K.L.:
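This structure is in structure tokens; I'll ask about it shortly.
In what follows, every chain begins at residue 1, and chains take the letters A, B, ... in the order their sequences are listed. All values derive from a computational prediction rather than experimental measurement.
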Number of protein chains: 2
Amino acid sequence: MQISSRFTVALHIFTAVDVFKDDYKVTSDFLAGSIGTNPVIIRKLLTQLKNAGLITVARGTGGIEVTKELSEISFYDVYQAIEPLEGGDLFRFHEAPNPQCPVGRNIHALLDDKLQKIQEAMESEMKKYTLQDLWEGMQDLLAKET
Amino acid sequence: MQISSRFTVALHIFTAVDVFKDDYKVTSDFLAGSIGTNPVIIRKLLTQLKNAGLITVARGTGGIEVTKELSEISFYDVYQAIEPLEGGDLFRFHEAPNPQCPVGRNIHALLDDKLQKIQEAMESEMKKYTLQDLWEGMQDLLAKET
DNA sequence: TGATAATGTAACCGTTGAAATTACAACTAA
DNA sequence: TTAGTTGTAATTTCAACGGTTACATTATCA
């Protein structure tokens, strides 16, 4: 299973907010236009980001504020905000290994730490990238366009 | 989205084959009993593992053979065999960013390398664990049981 | 104060994939 | 030939994603 596009959409949102916030009123309609999706999809995502404390959203008037320094919000923070993993586990485990079987009753003890390590490797790498990197990277790309 | 339980089921299969192959005839029914699922689920997985060249399956008579040294098959090999990712990408990307928008037409260039790095971090960790580790780990756990 | 514009949500739909299950053809060994 | 096993098609159930419509709520401004 692939990780849902909510993640790349959320990163797109943050990038667009950073780039456009001084020149445009960045609404869910505006973002939906840039991302190529429906405004309601955006609003649901904004609600998740808001609940995670990463942004504030002005009701009625519209407008999105990032609550921290860009360098203090990592990809991992965004990922955690929008990906609701059951128990926080990346890997789904088969639910009914047979306790009557020696392998069945020990398979969790055998695999859990290894799966955890793999998940941590991914999450550690996610923590290396921040919204600041997105802002700078996008400025470079835009400069090259002209 | 969680990664499907096919991964842990496949690792369970390999562990059970290693542990029981000298004492039992390890069939899809036998494995289904240990794993707590349906024999057809197991057969489909075995077909994937077979297609990846990791095992051979004896038709008619039944019986599974691992084709390489246990130390030469990593978690990553198993993962690749059973998880069919579109384009090999762990992260699904929103499909219609707006090319009229400066951010929309550059978002792929901005994110692709970073997403790739994150995926590679996970896959590199997967390459560290082999079926040999599973065999040894399970032997230790079984020894502790008595 | 009324009109306008935006967010917050509920409700629903279509699609996809996972996991399970039944059924049966194909195959192998005894 | 028979019993046991694999290979695979067909079907079902369920959950999640992404999309869409509709509308109540909220804030600003003329």
Side-chain angles (χ1 to χ4, degrees), chain A residues 1-10 12-13 17 20-21 24-33 35-52 55-65 79 82-87 89-98, chain B residues 1-10 12-13 17 21 24-33 35-52 55-65 79 82-87 89-97:
Chain A
M1 293 291 287
Q2 286 181 303
I3 288 168
S4 92
S5 66
R6 280 198 306 276
F7 185 50
T8 59
V9 171
H12 188 141
I13 287 174
V17 168
F20 293 123
K21 68 176 188 301
Y24 297 88
K25 188 170 176 184
V26 180
T27 66
S28 59
D29 267 69
F30 179 94
L31 290 168
I35 289 164
T37 183
N38 189 286
V40 177
I41 302 291
I42 303 297
R43 288 184 214 141
K44 287 179 183 170
L45 258 174
L46 292 178
T47 299
Q48 289 187 282
L49 297 173
K50 194 178 57 178
N51 289 341
I55 61 172
T56 59
V57 181
R59 185 155 192 186
T61 168
I64 296 163
E65 290 269 330
Y79 175 72
I82 56 88
E83 197 70 28
L85 291 184
E86 304 159 34
D89 290 324
L90 175 61
F91 296 96
R92 180 165 173 184
F93 215 106
H94 51 293
E95 290 173 4
N98 188 344
Chain B
M1 295 289 287
Q2 284 181 304
I3 289 169
S4 91
S5 66
R6 280 198 306 276
F7 185 50
T8 59
V9 171
H12 188 142
I13 287 174
V17 168
K21 68 177 187 301
Y24 297 89
K25 186 171 177 183
V26 181
T27 66
S28 60
D29 267 69
F30 179 93
L31 289 168
I35 290 164
T37 182
N38 190 285
V40 177
I41 301 291
I42 303 297
R43 287 184 214 140
K44 286 180 183 168
L45 258 174
L46 291 178
T47 299
Q48 290 186 282
L49 297 173
K50 194 178 58 177
N51 290 341
I55 60 172
T56 59
V57 181
R59 185 156 190 182
T61 168
I64 297 162
E65 289 269 330
Y79 175 72
I82 56 89
E83 197 70 30
L85 292 184
E86 304 158 35
D89 291 324
L90 176 61
F91 296 96
R92 178 164 175 188
F93 215 108
H94 51 292
E95 289 172 6

K.L.:
By nearest atom, which of the nucleotides D:dG19, C:dT7, D:dT6 is closest to the A:R43 side chain?
P.N.:
C:dT7
K.L.:
Of all the nucleotides listed (C:dG8, D:dT8, D:dG18), which has the minimum atom distance to the side chain of A:R6?
P.N.:
D:dG18
K.L.:
So what does A:G62 touch, heavy atoms closer than 4.0 Å: a base, only the sugar-phosphate, or nothing?
P.N.:
sugar-phosphate
K.L.:
Given D:dG7, is OP1 or OP2 found less than 4.0 Å from the side-chain N or O atoms of B:K50?
P.N.:
yes
K.L.:
Where along residues 24-32 of chain B does a heavy atom come under 4.0 Å from DNA chain C, residue by residue in number order?
P.N.:
none
K.L.:
Any side-chain N or O of B:T37 under 4.0 Å from OP1/OP2 of C:dA20?
P.N.:
yes
K.L.:
Below the 4.0 Å mark, does D:dT6 have OP1 or OP2 next to a side-chain nitrogen or oxygen of B:T47?
P.N.:
no
K.L.:
Classify the angle between the aromatic ring planes of A:F30 and A:F20 as parallel (below 30°), tilted (30 to 60°) or perpendicular (above 60°).
P.N.:
perpendicular
K.L.:
Within the modelled atom types, does a donor on one side and an acceptor on the other bring the side chain of B:R59 and the base of C:dT28 under 3.5 Å apart?
P.N.:
no
K.L.:
Using OP1 and OP2 only, check whether a side-chain N or O of A:S4 sits under 4.0 Å from D:dG18.
P.N.:
yes
K.L.:
The side chain of B:S5 lies closest to which of these nucleotides: C:dA19, C:dG8, D:dT20?
P.N.:
C:dA19
K.L.:
Output yes when a side-chain donor or acceptor of A:Q2 lies under 3.5 Å from a complementary backbone atom of B:D89, and no otherwise.
P.N.:
yes
K.L.:
Using a 4.0 Å heavy-atom cut-off, does A:V40 contact any base of the nucleic acid, only the sugar-phosphate backbone, or nothing at all?
P.N.:
base
K.L.:
Heavy atoms from C-beta onward define the side chain here; which of C:dT9, D:dG19, C:dT21 lies closest to that of A:N38?
P.N.:
D:dG19
